[in-house]
Amino acid sequence: TRKNVGRGLGVLLVERKIQTTYDSDFIVLDERAYYDRTIISLATVQEPLHTRFQITGLDDAAQASELALLLRAGSLAAPIEYVEERTVGPSLGEDNIRAGLWSVQLGLLLVMVFMLLYYRGFGVIANIALCLNLMLLIAAMSLLSATLTLPGIAGIVLTVGMAVDANVLIFERIKEERNNGRRPQAAIAAGYDRALTTILDANLTTFLVALILYSVGTGPVKGFAVTLAIGILTSMFTAIICTRALVNLVYGRRNMRKLMI
C-alpha cells in the first residue's frame, strides 16, 4: 500500500461453483468447476496499511453488515488443499518422559556395573550409596513439590555420575595410601580425610553454578538447576557419610591385610 496511496483497493469475493450439464433424462453429462469473482467493496488507499487502519466509503451500518457477511461467506467457500498435517498430542510428552527415565536406568546400570567390576567390594558399597542417593533425591523433590520434567531428568542423570565421582576420588586415595605401605585401616581413614577437601571444593563450585542457573534462568533451566542442586547435596551426604559408615561397618573391626579395592 505504500506504493498505491490514492488508488483503489477492491475486496474480491471468489466463489468456486460447479456447472453441471444434464441430458433430457436428467443424467449428468458433464461437470465443470469455475470461479465467480465479484467486487464486494471498493475503497481508496488513504495511507499505508499498518497494525491499525480503517476503510471508508460505506454509507451506513447495513452496508457494513453486508460486507462482513460476504467476507465470512467468502472464507467458508474458499477451497482447502492439505499439503501436510501433523498432530501433536500428549503421547509426544509421554514418549519423551519414557525415554528420559530409560536413560536414567541405563546410566545407573552402567555406573553400577563399572564400580562393581573396578572396585569390587568397595564398589558394592558405592552402589548401595548410589541407590540411597537417588532415593533421597526423589524424596527431597517430593517434599518441595517439584515437577519432574525432561531437564529435571537430565539433572538426575548428571547426579548419578557426580555421586560416584566422589567415591572414585576416595577409593583412588585409599589405593595410593595402600601403595605407600599403610595398613588397611589407616589407608581407609587417610583416604576419606584427604579426599574430603577435593570433594568439597568440586561440589561447592558446582552448587554455586546451580544457584546461578536458578537465579537467572527460566522454565526448563530452573528445573535442571533445582535437580542439580539437590543432587549435589544428597551425593555429598551419601559419598562422605554413608559410604564411610558402611566401610567402617564392614571393615572396622576386622584385622585385614588386604582390601578388596
Q: Is it possible for you to say whether W102 and L158 belong to one hydrophobic cluster, with membership spreading through side-chain heavy-atom contacts below 4.5 Å?
A: no
(Q) Quick check on the hydrophobic clustering: are F237 and L144 connected, directly or via other members, by side-chain heavy-atom contacts under 4.5 Å? (A) yes
Q | Least distance between heavy atoms, L130 atom then V160 atom | A | CD1-O, 3.9 Å
Q: Please identify each residue that fulfils side chain to side chain donor-acceptor pair (under 3.5 Å) with Q105, with sequence neighbours left out.
A: none
Q) For the hydrophobic clusters of this structure (ILVMFWY residues joined by side-chain heavy atoms under 4.5 Å, transitively), does one cluster hold both M135 and I156? A) no
Q) For the residue pair L137 and G231, what are the closest heavy atoms and their distance? A) CD1-N, 3.7 Å
(Q) Using the rule that Ile, Leu, Val, Met, Phe, Trp and Tyr join whenever any side-chain heavy atoms are under 4.5 Å apart, tell me whether L110 and F122 fall into a single cluster. (A) no
Q) If you group Ile, Leu, Val, Met, Phe, Trp and Tyr whenever their side-chain heavy atoms sit less than 4.5 Å apart, what else falls in with V216? A) I212
Q. Considering all heavy atoms of both residues, which atom of S235 and which atom of N203 are nearest to each other, and what is their separation?
A. OG-OD1, 4.1 Å
Q. Hey, does K222 have a side-chain heavy atom less than 4.5 Å from the side chain of L213?
A. no
Q: Kindly indicate whether the side chain of L12, heavy atoms from C-beta on, has any atom under 4.5 Å from the side chain of R37.
A: yes
Q: Would you name the heavy atoms of P48 and V5 that are closest together and state the gap between them?
A: CD-CG2, 4.0 Å
Q: Hey, could you give me each pair passing ring pair (Phe, Tyr, Trp, His ring centres under 6.0 Å) that has a residue in residues 210-235? Not counting sequence neighbours.
A: none
Q: Please name all residues satisfying side chain to side chain donor-acceptor pair (under 3.5 Å) with N133, sequence neighbours left out, ordered by chain then number.
A: T234
Q) Same cluster for L106 and I138 if Ile/Leu/Val/Met/Phe/Trp/Tyr side chains link at under 4.5 Å? A) no
Q.
Quick check: closest heavy atoms across Y35 and V14, and the distance to 0.1 Å?
A. CD2-CG1, 3.8 Å
Q: Can you sort out the partners of Y118 under ring pair (Phe, Tyr, Trp, His ring centres under 6.0 Å), two or more places apart, ordered by chain and number?
A: F114
**Q.** Set of salt bridge (charged side-chain N to carboxylate O under 4.0 Å, His left out) partners for R182, sequence neighbours left out
**A.** E177
**Q.** Shortest non-hydrogen contact from T243 toward A129
**A.** CG2-CB, 3.4 Å
Q. What's the spacing between T198 OG1 and I170 CD1 if we round to 0.5 Å?
A. 10.0 Å
Q. By the rule that ILVMFWY residues connect when side-chain heavy atoms come within less than 4.5 angstrom, directly or transitively, which residues belong alongside Y34?
A. none
**Q.** By side chain to side chain contact (heavy atoms under 4.5 Å, CB included) - contacts of V124 (at least two apart)
**A.** L116, I128
Q: List, by chain and then residue number, the residues other than L117 in its hydrophobic cluster (Ile/Leu/Val/Met/Phe/Trp/Tyr, side-chain heavy atoms under 4.5 Å); write none if there are no others.
A: L109, V113
(Q) Is there a side-chain contact between F171 and E176 in this structure, where contact means two heavy atoms from C-beta onward sitting under 4.5 Å apart? (A) no
Q: Measure the CD1-CG distance between I232 and L204 for me, rounded to the nearest 0.5 Å.
A: 9.0 Å
Q) So how far is it from D193 CG to R244 CZ, rounded to the nearest 0.5 Å? A) 4.5 Å
Q) Sequence neighbours excluded, which residues qualify as salt bridge (charged side-chain N to carboxylate O under 4.0 Å, His left out) partners of D165? A) none
Q.
Rounded to the nearest 0.5 Å, what separates atom CD1 in I240 from atom CG in L196?
A. 5.0 Å
Q: Please name all residues satisfying side chain to side chain donor-acceptor pair (under 3.5 Å) with D36, sequence neighbours left out, ordered by chain then number.
A: K17
Q. Looking at residues at least two apart in the chain, or sitting in another chain, which of them share a side chain to side chain donor-acceptor pair (under 3.5 Å) with R32?
A. none
Q. Would the number of heavy atoms belonging to other residues, nucleotides or ligands and lying under 6.0 Å from CD1 of I39 be above 12?
A. no
Q: Check whether any side-chain heavy atom of V247 sits under 4.5 Å from a side-chain heavy atom of Y192, and report yes or no.
A: yes
